[in-house]
A.B. asks: 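Here it is, the structure in full.
Start at 1 and go down the list; that is how both ligands and their atoms are numbered. For the numbers below, each heavy atom of this structure counts, side chains included, while hydrogens, waters and symmetry mates do not.
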Amino acid sequence: MALPGGIKHVEELAVEGKRVFVRVDYNVPLDKKTKQITDDARITATLPTLKHLIGRGARIVLGSHLGRPDGQVKPELSLEPVAARLAALLGQDVVLADEPTGDGAKKVVSDLRDGQIVMLENLRFDAREEANDEDFARTLASYCDVYVNDAFGTAHRAHASTAGMVKFVAEAGAGYVMAKEIEVLSRLLGNVERPYVAVLGGAKVSDKIEVLDALLGKVNSIVIGGAMANTFLEAQGKSLGASKVERDKLPVARNFLRKASESKVTVHLPTDVVVAANLDDAEGSKAVSVDAIAADAMALDIGPVTLEAYRKVLAAARTVFWNGPMGVFEKPRFAAGTVGIARALAENKLALTVVGGGDSAAAIAQAGLADKVTHVSTGGGASLEFVQGLDLPGIAALRPGK
Ligand code: ADP
Ligand code: MG
């Protein structure tokens with residue numbers, strides 16, 4: 001049960017009759033028109049932690065953000081639908097305070113009985129949350145005796161509720177979601193079984209260059225796909241036609257390829273791609289060599305030859321970290337590369353297989369393979385920072401003697 005760095009698991013905390021602040025990540029997608037929650041996975045993910053605390057007779061104070069209100073009270077970003085959904089899932093009342101802090105919040109917290117739950121209003125309605133303001137942090141801390149963080153998705157942010165308040169609370173620990181993330185992701189930083197292969201794809205080299213650089217010191221090979229591969233291919237002198245390419249990142253891409261070869265890390269790039277004139281080109285999509293991309297064609301997925309080569313690399317791997325789809329997987333015609341990579345991870349039963357990133361997690365869920373890999377991280381940016389070996393403020397704050 002012991003977590004790296006001496007971080008306590010929620011099961012190790014004495015919570016009976018105590019007020020326990022739980023930082024959750026209820027930043028759920030809402031339908032623009034109806035304001036209904038379109039996916040409640042972030043709420044259901046916290047149920048083990050909440051049920052544990054309810055069972056122990058804790059008095060639970062929930063804190064979360066929703067969207068980007070930027071310090072303003074935005075009624076459309078109220079946590080009201082979230083509190084209602086949580087109440088339905090738990091079959092018990094969830095009282096929503098009408099503000100993040102203040103007299104109303106203080107009152108609902110002081111009225112709490114053992115096993116009951118209150119939720120503070122969207123913490124980002126107050127600009128002091130993201131500013132990690134000390135007074136705001138102290139006020140949040142005054143609402144509890146014990147602090148639990150179960151919001152891995154915001155652990156890379158040093159905000160009042162994720163980091164600042166923790167030093168003002170006597171006891172702190174990780175909820176089930178956070179504990180699992182720390183446990184599995186830490187294995188990627190330790191003595192991993194080799195070969196360790198990183199699969200990187202998605203939209204932009206500029207989003208991921210820090211991860212790529214950091215992975216050079218850890219992995220044996222890097223497999224690249226998605227729009228990101230286009231920039232690398234163009235850096236190698238290929239003509240990418242009308243594909244998405246970050247022209248201003250060509251020197252960065254070249255520099256990275258040079259560093260990789262110096263570090264003896266093999267970089268795999270596509271040898272064929274699926275092209276089309278546009279995303280909705282039903283008839284025109286076809287696989288071509290990366291040396292034969294027409295001037296008006298866009299590369300929108302890795303091709304079958306590339307997929308086969310990548311699947312071989314992944315079959316031999318004993319540790320895999322995957323971030324970023326291989327193509328425009330949202331469109332079935334350009335999803336084969338991404339689904340193929342998802343399958344390769346699912347089929348490799350000998351490897352530790354970890355998927356991080358919002359779109360990558362959506363892609364593996366869409367392929368129905370999320371439960372066939374070791375771990376699908378609930379954090380996009382947070383998982384990328386973690387695998388780089390960076391110390392996330394929300395995790396650092398949980399370490400004893402912080
Ligand atoms: P993640 O959220 O997993 O970190 P990213 O946000 O970096 O992934 O990238 C996902 C996006 O990249 C998807 O919307 C996908 O459509 C897009 N994408 C992938 N390959 C291509 C491509 N060849 N051309 C244009 N867009 C692409
Ligand atoms: Mg994304």
Side-chain angles (χ1 to χ4, degrees), residues 27 29 39 41-42 152-153 156 185 198-212 214-215 222-234 238-247 249 253 269-281 284-288 290 293-294 296-304 306-307 310 320-342 345 353-367 369-370 373 375-388:
N27 185 27
D39 179 357
R42 287 184 166 170
F152 178 72
H156 57 317
L185 295 174
V199 184
L200 270 294
K204 291 180 183 164
V205 174
S206 48
D207 285 348
K208 311 270 169 85
I209 190 66
E210 277 104 14
V211 193
L212 283 165
L215 286 171
I222 301 182
V223 166
I224 298 181
M228 187 199 288
N230 297 342
T231 303
F232 281 101
L233 290 168
E234 190 156 301
K238 313 276 183 208
S239 300
L240 271 289
S243 309
K244 207 169 152 182
V245 175
E246 286 175 279
R247 296 256 140 67
K249 291 292 175 280
L269 287 168
T271 54
D272 65 338
V273 285
V274 176
V275 296
N278 58 63
L279 282 173
D280 301 307
D281 183 8
S285 72
K286 58 173 190 235
V288 299
V290 293
I293 301 172
D296 60 352
M298 295 170 79
L300 296 165
D301 193 8
I302 57 172
T306 303
L307 176 59
Y310 286 6
V320 181
F321 175 70
W322 176 27
N323 166 271
M326 296 290 101
V328 183
F329 74 100
E330 297 93 335
K331 299 267 176 186
R333 203 169 306 112
F334 310 113
T338 303
V339 173
I341 294 294
L345 261 67
T353 47
V354 180
V355 181
D359 291 290
S360 317
I364 197 155
Q366 192 179 302
L369 297 168
V373 293
H375 182 60
V376 179
S377 178
T378 55
S383 67
L384 287 178
E385 290 200 13
F386 199 113
V387 298
Q388 287 175 59

A.B. asks: Keeping Asp301 on the side-chain end and Val274 on the backbone end, is there a donor-acceptor pair under 3.5 Å?
C.D. replies: no

A.B. asks: I'd like a table of donor-acceptor pairs (distance under 3.5 Å, sequence neighbours excluded) in which one partner is a side-chain atom from residues 377-387, with atom names and distances.
C.D. replies:
from   : atom 1 : to     : atom 2 : distance (Å)
Ser377 : OG     : Glu181 : OE1    : 2.9
Ser377 : OG     : Glu181 : OE2    : 3.3
Ser377 : OG     : Gly379 : N      : 3.1
Ser377 : OG     : Gly379 : O      : 3.3
Thr378 : OG1    : Glu181 : OE2    : 2.7
Ser383 : OG     : Gly379 : O      : 2.7
Ser383 : OG     : Gly380 : O      : 2.9

A.B. asks: Between the side chain of Asp272 and the main-chain N/O of Thr306, is any donor-acceptor distance below 3.5 Å?
C.D. replies: yes

A.B. asks: To the closest 0.5 Å, what do you measure between OH (Tyr310) and CG (Leu269)?
C.D. replies: 5.5 Å

A.B. asks: Among protein atoms, how many N/O/S atoms lie less than 2.8 Å from the Mg ion (ligand 2)?
C.D. replies: 1

A.B. asks: I'd like to check the ring pair (Phe, Tyr, Trp, His ring centres under 6.0 Å) partners of Phe329; sequence neighbours left out, ordered by chain and number.
C.D. replies: none

A.B. asks: Do the side chains of Val373 and Trp322 get nearer than 4.5 Å, heavy atoms only?
C.D. replies: no

A.B. asks: Return yes if some donor-acceptor pair links the side-chain N/O of Glu234 with the main-chain N/O of Val245 below 3.5 Å, else return no.
C.D. replies: no

A.B. asks: Got the residues with a heavy atom under 4.0 Å of ligand 1, by chain and number?
C.D. replies: Gly202, Ala203, Lys208, Gly226, Ala227, Lys244, Ala299, Leu300, Asn323, Gly324, Pro325, Gly327, Val328, Glu330, Gly357, Gly358, Asp359, Ser360

A.B. asks: Taking Lys208 for its side chain and Gly201 for its backbone only, find out whether a donor-acceptor pair lies under 3.5 Å.
C.D. replies: yes

A.B. asks: Check whether any side-chain heavy atom of Val273 sits under 4.5 Å from a side-chain heavy atom of Leu300, and report yes or no.
C.D. replies: no

